[in-house]
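First listed ligand is number 1; within each ligand, the first listed atom is number 1. Both backbone and side-chain heavy atoms feed into the values below; hydrogens, waters and symmetry mates do not. Worth saying up front: this structure is predicted, and the values here are computed from it rather than measured.
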Amino acid sequence: MTIDLRSDTVTQPTAAMRAAMLAAEVGDDVYGEDPTVAKLQQRLADDLGFEAGLFVPSGTQSNLCGLLAHCQRGDEYLVGADAHTYKFEGGGAAVLGSIQPQPIPHAADGTLPLDALDAAVKPDDPHFARTRMLALENTWHGRVLPQGYVIEAAAWARSRGLGVHLDGARLFNAAVASSKSARELAAPFDSVSVCLSKGLGAPVGSVLVGSSELIKSAKRWRKMLGGGMRQSGILAAAGLYALDHHVARLADDHARAARLAQGLQDIAGIRVVAQHTNMVFIDVARERLRALDAHLRERGVRASIGYLPTVRLVTHLDIDDAGIERAVDAFRAFSG
Ligand SMILES: *Cc1c(COP(=O)(O)O)cnc(C)c1O
């Protein structure tokens, strides 16, 4: 079997997850009649401390529904220059929402310095877009944002009259790694997007949580974006199963990522740049990247090569201890 370390999105639904999907009670969710979708939405809203939730097909749509619920045409949001909601969502906020992103360079720990944020807020003047929202991301390229910073940044945003959104695609990785509850990490925000199809191992779906009012608006946008689904309880059942069975085990993914980083660290020609939660980033000379990709594929190992400035390796539900050792051996053979 391939050791696929490209992303934690590649997981196969387990047999037990498929059984939960098969058994799901369903209805037409556009009519608000799918009990399993309703249960998932309420479950995440309750767990994270919000009034309501909205099940959507992807994290991209979840973030976009959140942005559209916070901002009007001609508004702008402050966002990390290397954040998913800015860089990796096809420019959707600008294309579909007429919302201008104001990208802010990240500090090394992923935070957006408060002085840079403060300097980016526009005065109320017809020359400028109206600054309406701050978007943060946790984890960011695997890094857990310092919670003290998150609290400070959210308080600052409120003091400037801005809404605060969290792209929490991997919020549960952050919670497990920091031994804080997801609820505590989510508390400073007005809206939070969580992915079920990353480390949690569900095949499809994200949930946006927020106030009833915000979710009502997001639901209108979801329909407009084509995300109103019918008997989607069959998908929501996978999410509920994942929340029950796949959260605590994220610690195993983090331990395996640490072991992978350790195994790679003394291999010539490879520099381990960082390891955080379930991600490892390595530097390999640019001219060797294509050869590395071919070498790994031949040995049944996949890595994310050429997509980010560094090679990214991500651990997940379908990577066991033996898989990590096989990956380390494949890298060592490349060097030798
Ligand atoms: C994966 C991801 C998303 C959403 O991606 P989809 O592929 O649209 O589900 C959003 N933010 C971050 C940080 C992600 O890693």
Should you measure from each heavy atom of [X], which atoms of ligand 1 turn up under 4.0 Å away?
X      : answer
Ser58  : 8 (O), 9 (O)
Gly59  : 4 (C), 6 (P), 8 (O), 9 (O)
Arg170 : 15 (O)
Thr60  : 4 (C), 5 (O), 6 (P), 8 (O)
Glu89  : 10 (C)

> Hey, does the side chain of Arg130 reach the backbone of Cys71 with a donor-acceptor pair shorter than 3.5 angstrom?
Replying inline: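 Absent.
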
> Is there a donor-acceptor pair closer than 3.5 Å between any side-chain N or O of Thr131 and the backbone N or O of Val121?
Replying inline: no

> Angle class for the His246/Tyr241 ring planes (parallel below 30°, perpendicular above 60°, tilted otherwise)?
Replying inline: perpendicular

> Between Thr85 and ligand 1, which part of the residue brings a heavy atom under 4.0 Å of the ligand: side chain, backbone, both or neither?
Replying inline: neither

>> Any non-hydrogen side-chain atom of Leu134 less than 4.5 Å from a side-chain atom of Arg160?
In response: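 A side-chain contact is absent here, since even the closest heavy-atom pair is not under 4.5 Å.
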
> Out of curiosity, Ser193 OG to His165 NE2, how far, rounded to the nearest 0.5 Å?
Replying inline: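 Reported value, rounded in 0.5 Å steps: 5.5 Å.
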
>> Take a 6.0 Å sphere around OH of Tyr77 and say whether it holds more than 12 heavy atoms from other residues, nucleotides or ligands.
In response: yes

> In terms of residue, atom name and distance, what is the protein heavy atom nearest to atom 13 (C) of ligand 1?
Replying inline: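 Protein heavy atom with the smallest distance to atom 13 (C) of ligand 1: Glu137 OE2, 3.2 Å.
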
> Which residue owns the protein heavy atom closest to atom 14 (C) of ligand 1, what's the atom, and how far is it?
Replying inline: Lys198 NZ, 2.8 Å

> Short N/O distance, under 3.5 Å, between Asp167 and ligand 1?
Replying inline: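 Min N/O separation from ligand 1 is below 3.5 Å for Asp167.
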
>> Is it true that His127 and Asp125 share a donor-acceptor pair across their side chains at a distance under 3.5 Å?
In response: yes

